[in-house]
Visitor: 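Pasting a structure below so you can have a look.
Along the sequence shown, residues are numbered consecutively beginning with 1. Only a predicted model underlies this, so the values are computations on that prediction, with no experimental measurement involved. We count ligands from 1, going down the list as the structure has it; atoms in each ligand are counted the same way.
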Amino acid sequence: MPRGAEIVVRGAGVTYPGATVPTLQDLTLTIAPGEFLVVVGPSGCGKSTLLRTINRLIPLNAGSIAIDGIDIASLDPVALRRGIGYAIQAVGLFPHMRVGANVAIVPELLGWSRERIAARVDALLALVHLDPERYRDRFPRELSGGEAQRVGVARAIAGEPRVLLMDEPFGAVDAIVRSQLQDEMLLLVRELATTTLFVTHDVDEALLLADRIVVVNRGRIEQTGTPLEVLAGPASPFVERLFHANDAVIELREKARERQRLR
Ligand SMILES: Nc1ncnc2c1ncn2[C@@H]1O[C@H](COP(=O)(O)OP(=O)(O)OP(=O)(O)O)[C@@H](O)[C@H]1O
Ligand SMILES: [Mg+2]
């Protein structure tokens, strides 16, 4: 089983063509082999942009990214992407290809044997709670949104990548399926020891899954730390608000205090 890669981001910056302000600014971050790093932050802060710089869907305007010590700018982008699993909220399954064929794309490119590919496809479908017998030969249009998303996750890990990029991969599933997928995800990445960057809006999901959390705000890193560190010692009022925005207990306490004051 391949080990996860180390990713070193140094002073990374991205300014989209025509934009007046950078979307990512001076981002520096080391992700250890096998680490599960969760990126959180408000809509538009640059989370997806950061992920896409790592598989070179978006070029850097400043700084560098190295995977296992090799600057990705020196690699062939297609070969680079073959070694990086990528799952996105919009899923992006190929509509004319059956589920099994979608999952098999990277193993096919890697030249695995028929038998190995077939076994892998079935194992992955089972892993994301889709009965291979029932789902293998369906077309993407015959899936619900949540089922399609699970196929997207299966496809992303199919080639046993050493780096996994997941951009809100569980966005379209209900709470129960989401929590099942989160549990499976934890087991899976531990087993594969894949270095994972996982983007989510959901701070509970971040706290559950992360070895480390990176809080991004307006294209800059606001804080990096373990879930406990971020919860116990938020580096700024922004981080504090982000992690307690849905904290019903704190809200109730504040309301109670407010009532006391009004009396
Ligand atoms: N291809 C692009 N061209 C120009 N601007 C872009 C492009 N992609 C994203 N942006 C802009 O860059 C900023 C960051 O976008 P990005 O998609 O990285 O945010 P995000 O943190 O993933 O947000 P969300 O949580 O809503 O997915 C936004 O202001 C967005 O409008
Ligand atoms: Mg995004």
Visitor: May I ask you to identify the nearest protein heavy atom to atom 25 (O) of ligand 1, giving residue, atom name and distance to one decimal place in Å?
Guide: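 It is K47 NZ, 2.7 Å.
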
Visitor: Among all protein heavy atoms, pick the one closest to atom 29 (O) of ligand 1 and tell me residue, atom and distance.
Guide: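 Protein heavy atom at minimum distance: G44 O, 4.1 Å.
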
Visitor: Between L37 and D211, is a side chain to side chain contact (heavy atoms under 4.5 Å, CB included) present by the stated rule, with each step listed?
Guide: CA-CA 6 Å; L37 188 86; D211 290 325; over 6 Å; no

Visitor: Considering only protein heavy atoms, which is closest to atom 26 (O) of ligand 1, and at what distance to one decimal place?
Guide: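 Ranked first by proximity to atom 26 (O) of ligand 1 is S43 OG, 2.5 Å.
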
Visitor: Do you see a donor-acceptor pair shorter than 3.5 Å between the side chains of T195 and E35?
Guide: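 E35 and T195 do not have a side-chain donor-acceptor pair below 3.5 Å.
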
Visitor: Judged by non-hydrogen atoms, does G41 sit under 4.0 Å from ligand 1?
Guide: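 It does not, in that no heavy atom of G41 comes within the 4.0 Å cut-off of ligand 1.
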
Visitor: I want to know if ligand 1 touches R52 in the polar sense, i.e. an N/O pair below 3.5 angstrom.
Guide: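 Such a contact does not occur with ligand 1.
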
Visitor: Would you please say whether a donor-acceptor pair under 3.5 Å links the side chains of D71 and S64?
Guide: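 Side chains of D71 and S64: no pair found under 3.5 Å.
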
Visitor: Are F238 and F243 close enough, and set up right, to give a ring-ring contact (aromatic ring centres under 6.0 Å, His included), and what steps lead you there?
Guide: CA-CA 9 Å; F238 171 83; F243 278 86; 9.3 Å; no

Visitor: State plainly whether the residues D167 and K47 are in salt-bridge range, i.e. N to O under 4.0 Å.
Guide: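 Salt bridge: no.
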
Visitor: Protein non-hydrogen atoms only, distance under 4.0 Å: does atom 21 (O) of ligand 1 have such a neighbour?
Guide: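 Yes, at least one protein heavy atom sits under 4.0 Å from atom 21 (O) of ligand 1.
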
Visitor: Quick one: does NZ or CZ of R138 land under 6.0 Å from the six-membered ring centre of Y135, within 45 degrees of the ring axis?
Guide: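 Yes - R138 lies over the ring of Y135, closer than 6.0 Å to its centre and within 45° of its axis.
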
Visitor: Which residue and atom name correspond to the protein heavy atom nearest atom 27 (O) of ligand 1, and how close is it?
Guide: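 Of the protein heavy atoms, S48 OG, 4.0 Å lies nearest.
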
Visitor: Which atom names give the shortest non-hydrogen contact between Q149 and P169, and what distance separates them?
Guide: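 Taking every non-hydrogen atom into account, CG-O, 2.7 Å.
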
Visitor: List every atom of ligand 1 that sits less than 4.0 Å from any heavy atom of H201, numbering the atoms from 1 in the order shown and giving each element.
Guide: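 Listed by number with element, the hits are 25 (O).
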
Visitor: Would you say the Mg ion (ligand 2) has S48 as a near neighbour, meaning an N/O/S atom of that residue under 2.8 Å away?
Guide: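 Short answer: yes, at least one N, O or S atom is under the cut-off.
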
Visitor: Answer yes or no for atom 4 (C) of ligand 1: protein heavy atom present at a distance under 4.0 Å?
Guide: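 Looking at atom 4 (C) of ligand 1, one finds that a protein heavy atom does lie closer than 4.0 Å.
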
Visitor: Is the shortest distance from a Lys or Arg side-chain nitrogen in E205 or R178 to a carboxylate oxygen in the other one below 4.0 Å?
Guide: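 Salt bridge between E205 and R178, a charged N being under 4.0 Å from a carboxylate O: yes.
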
Visitor: How far is atom 18 (O) of ligand 1 from its nearest protein heavy atom, and which residue and atom is that?
Guide: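 Ranking protein heavy atoms by distance from atom 18 (O) of ligand 1, first comes T49 OG1, 2.5 Å.
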
Visitor: Any Lys/Arg nitrogen of R162 or E6 sitting under 4.0 Å from an Asp/Glu carboxylate oxygen of the other?
Guide: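 Salt bridge: no.
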
Visitor: Of all the non-hydrogen atoms in the protein, which one sits nearest to atom 1 (N) of ligand 1, and at what distance?
Guide: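 The answer is Y16 CE2, 3.6 Å.
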
Visitor: Could you list the atoms of ligand 1 found under 4.0 angstrom from a heavy atom of G46?
Guide: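 So the atoms of ligand 1 that pass are 14 (C), 18 (O), 19 (O), 20 (P), 21 (O).
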
